[in-house]
Amino acid sequence: MAQKPAIPKGTRDFLPTEVAKRNYMFATIKEVFRRYGYAPIETPSFELSSTLLGKYGEEGDRLIFRILNSGEKMRKADLDALAQDNLPRFANSLAEKALRYDLTVPFARFVVQHQNDLTFPFKRYQIQPVWRADRPQHGRYQEFTQCDVDVVGSDSLLNEVELIQIFDEVLTKLGLPGFSIQLNNRKILSGIAEVCGEAARIVDMTVAIDKLDKIGEEGVIAELEQKGFSEASIEKIKPLFAFEGSNADKLTLLRAYLADSEVGQKGLDELSEVLEQINHLGLQRGELIFDLTLARGLNYYTGAIFEVKAHNVKMGSICGGGRYDDLTALFGLKGLSGVGISFGADRIYDVMTELELFPKELDRTLDILFVNFGAEEGKYCLKLLQQVRNLGLAAELYPSAAKLQKQLKYANDRNVAYVVMIGAEEAAAGTLSFKNMETGAQEQLSSADFLTKCGQLF
RNA sequence: GAGGUUGUAGCUCAGUUGGUUAGAGCGUCGGAUUGUGGUUCCGAAGGUCGCGGGUUCGAGACCCGUCUUCCUCCCCA
């Protein structure tokens, strides 16, 4: 009995029409990246475990897919660690390699390793799959594709401005009717932690505040209490919940709130400059929002942080990013600041599918089908077929002289635009029947007229 | 990693308190129709009821385990 076929959870197959849509999306994204001066690179699907581990926090490490050592390397297994119930160490000894978790950390490794061959500031884009041992859910996969743009070797805020423009341009070009680009700055969050006297626990604090819109003020306070924050700290945090209004309003409120924090003020300076620039340049469909609750879990961000959400769909963030000052330092190259963003291709695809934003033409993988009436007629068709293909159209001759009904059904199922029939009747008259599959209309044409028409129609 | 949920034909799902040979619609294939698709009619193929164990005279149904689906949390794109 044949085994029922299946693929691992959180992975997907892509049908031809789906690939066509994905390619359209990637082409749009690449084209924008290219015009902003970014060049593509690629890195391996898997890295040394040591490159990835410890870069994404404890939570992230748990989600990294490890690759089991093979052959003799199995002997490196640290059985003492297992005996001591130190599972992480045991796991590390079993797996020297791991699938990449994102594109940013491998990029930092890449930059350090090829620093002598690169010209800084270095601007690159990278579109490749990444893997996470996450629990699959709506919009969450174990294998998905990220589209990253980063620039390293420049701490200019012009880069942040440019990246926001890229968010806006790509998503507008893809046809999203509306989306929010949320902006915050890690330095502001540091400032808040400082003011509250909780500088050491900035991550716990910001993760809790991040949930404000989800669980509300009381929920956040409950979580802070549960994490062991003191009454006094929580009292200091509370005023933040009331910081609402326009971006400018929030800035003003925070200026005062963070008066005693040097980092906080620095963060506000950076943020207001970016806001001002974007305000001056204007955005197409994106709405830039300063969201002081935006935290983002990745612990390597040091400056601006971004997140993008599509309007009118139930879907988590579709893009993210931020500035990281010390990422390359982890690999031995100090003083190189980077900033980058990532488009979540699969979520954007899901959003576009839900909102029906893909052009209809993408469902068509064949423009013209030549009906096969037999060997003799087929020979004549092949000549014409060649000419049609030279015009750039997707065309084919049905491979066997099956019943006409069957061939038309095939054309129908493949969503073919036009069918050409050259049988005994047409051959005798020196014409061909040209049938529009959408309207059903049919006309007799000479081969010359047919080719002219093909040139015009497509 | 925590909690819940799901699994029966290629797909979507019925299947009574446990009781003969497990059904439907859609899809597929063939025919009605040997040169005209999407509609209609007729017919056919297609199932170890996720997998493994258990209870029972008897399990698709009940119990345990396991995997899977979807959801919430965590975290994230």
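By convention in this document, chain letters (A, B, ...) are assigned in the order of the sequence lines, proteins followed by strands, and residues within each chain are numbered from 1.
- In this structure, A/G60 reaches neither bases nor backbone, as no heavy-atom distance under 4.0 Å exists between it and the strands shown.
- In this structure, A/N69 contributes its side chain and A/E96 its backbone to a donor-acceptor pair below 3.5 Å.
- Comparing B/rA77, B/rU28, B/rU36 by their closest approach to the side chain of A/M421 singles out B/rU36.
- Whole-Å rounding puts the A/H138 NE2 to B/rC73 P distance at 13 Å.
- In terms of phosphate contacts, A/K211 brings a side-chain nitrogen or oxygen within less than 4.0 Å of OP1 or OP2 of B/rC74.
- Taking the six-membered ring where tryptophan is involved, the planes of A/Y324 and A/Y300 are perpendicular, since the angle between them exceeds 60° and thus also 30°.
- When heavy atoms are screened at a 4.0 angstrom cut-off, A/A424 is found touching base atoms of the nucleic acid.
- Side-chain atoms of A/E198 and A/S233 include a donor-acceptor pair closer than 3.5 Å.
- Aromatic ring orientation, A/F450 versus A/F370: perpendicular (interplanar angle above 60°, classes split at 30° and 60°).
- Taking the side-chain hydrogen bond (donor to acceptor under 3.5 Å, both in side chains) definition, one finds that A/H311 meets it with A/S180, sequence neighbours left out.
- A donor atom on one side chain and an acceptor atom on the other are not found under 3.5 Å apart for A/Q126 and A/D148.
- Shown for residues 308-318 of chain A: residues whose heavy atoms fall under 4.0 angstrom of RNA chain B, namely A/K314, A/S317, A/I318.
- Residue A/E307 is out of contact with every strand shown, counting any heavy-atom pair closer than 4.0 Å.
- The side-chain hydrogen bond (donor to acceptor under 3.5 Å, both in side chains) search around A/N412 returns none, not counting sequence neighbours.
- Counting only residues at least two apart or on different chains, the side chain to side chain donor-acceptor pair (under 3.5 Å) pairs with a member in residues 372-388 of chain A are A/Y380-A/S447.
- At the heavy-atom level, A/F343 lies nowhere under 4.0 Å from the strands shown.
- For A/R140, the side-chain contact (heavy atoms from CB on, under 4.5 Å) test picks out A/D134, A/Q137, A/R347, with sequence neighbours left out.
- Closest approach to the A/K214 side chain among B/rA77, B/rC73, B/rG35 is made by B/rC73 (side chain taken as heavy atoms from C-beta onward).
- Among pairs with a residue in residues 421-443 of chain A, those fulfilling salt bridge (charged side-chain N to carboxylate O under 4.0 Å, His left out) read A/R364-A/E438, A/E443-A/K453, at least two apart in sequence or across chains.
- Residues A/T302 and A/D325 have side chains that bring a donor and an acceptor to within less than 3.5 angstrom of each other.
- Judged by distance alone, with hydrogens and angles left aside, A/R347 brings a side-chain donor or acceptor within reach of the base of B/rC76, the pair sitting under 3.5 Å.
- Comparing the same atom, C1', in B/rU28 and in B/rG46 gives a spacing of 9 Å after rounding to whole Å.
- Every pair passing side chain to side chain donor-acceptor pair (under 3.5 Å) that includes a residue from residues 396-408 of chain A is listed here, sequence neighbours excluded: A/E396-A/Y410, A/E396-A/R414.
- For A/E425, counting side-chain heavy atoms from C-beta on, the closest listed nucleotide (B/rG35, B/rG1, B/rC71) is B/rG35.
- The residue among A/R62 and A/K227 whose nearest nucleotide of RNA chain B is located toward the 5' end is A/R62.
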Determine which bases of RNA chain B form Watson-Crick or G-U wobble pairs with both distances under 3.5 Å, and write the result as a 5' to 3' dot-bracket string with | for other-strand partners. ((((..(..((((.....[...)))).(((((.......))))).....(((((..]....))))))..))))....

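- Rounded to whole Å, atom P of B/rC75 lies 11 Å from atom OH of A/Y101.
- Comparing B/rC71, B/rC75, B/rC76 against the side chain of A/V207 picks out B/rC75 as the nearest.
- Close to B/rC70, at under 4.0 Å from its OP1 or OP2, lies no side-chain N or O of A/Q137.
- Atom-to-atom, CG of A/L408 to C1' of B/rU36 comes out at 5 Å; the value is rounded to the nearest Å.
- Remark: A/K9, A/G10 in residues 7-25 of chain A come within less than 4.0 Å of RNA chain B through at least one heavy atom.
- In this structure A/D61 satisfies the side-chain hydrogen bond (donor to acceptor under 3.5 Å, both in side chains) test with no other residue, sequence neighbours excluded.
- For the pair A/L294 CG and B/rA77 C1', the interatomic distance rounds to 14 Å; values are reported in whole Å.
- For a distance-only test at 3.5 Å, the side chain of A/R132 qualifies as a donor-acceptor partner of the base of B/rA77.
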Could you list all N or O pairs between the protein and nucleotides 38-46 of chain B that sit under 3.5 Å apart?
from   : atom 1 : to     : atom 2 : distance (Å)
B/rG38 : O4'    : A/N412 : ND2    : 3.1

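- A donor and an acceptor atom, one from each side chain of A/T17 and A/D363, are nowhere located under 3.5 Å apart.
- In this structure, OH of A/Y300 is placed 10 Å from P of B/rC76, rounded to the nearest angstrom.
- You'll find that the side chain of A/R135 is closest to B/rG3, out of B/rG35, B/rC76, B/rG3.
- Across all strands shown, A/Q142 has no heavy atoms under 4.0 Å from either base or sugar-phosphate atoms.
- By the stacking rule of 5.5 Å between ring centres and under 30° between planes, A/F144 stacks on the base of B/rA77.
- A/D134 places its CG atom 14 Å from the C1' atom of B/rU72, with the value rounded to the nearest Å.
- Taking A/Y125 as the reference, A/F33 meet the ring-ring contact (aromatic ring centres under 6.0 Å, His included) condition, with sequence neighbours excluded.
- Going from the C1' atom of B/rC62 to that of B/rG43 covers 40 Å, rounded to whole Å.
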Would A/F46 and A/F65 satisfy ring-ring contact (aromatic ring centres under 6.0 Å, His included), going step by step from the backbone distance to the final call? CA-CA 9 Å; A/F46 52 94; A/F65 271 110; over 10 Å; no

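- B/rA2 and B/rG15: their C1' atoms are spaced 35 Å apart (whole Å).
- For the pair A/I422 CD1 and B/rU36 C1', the interatomic distance rounds to 16 Å; values are reported in whole Å.
- B/rA9 sits 13 Å from B/rA14 when the C1' atoms are compared, rounded to a whole Å.
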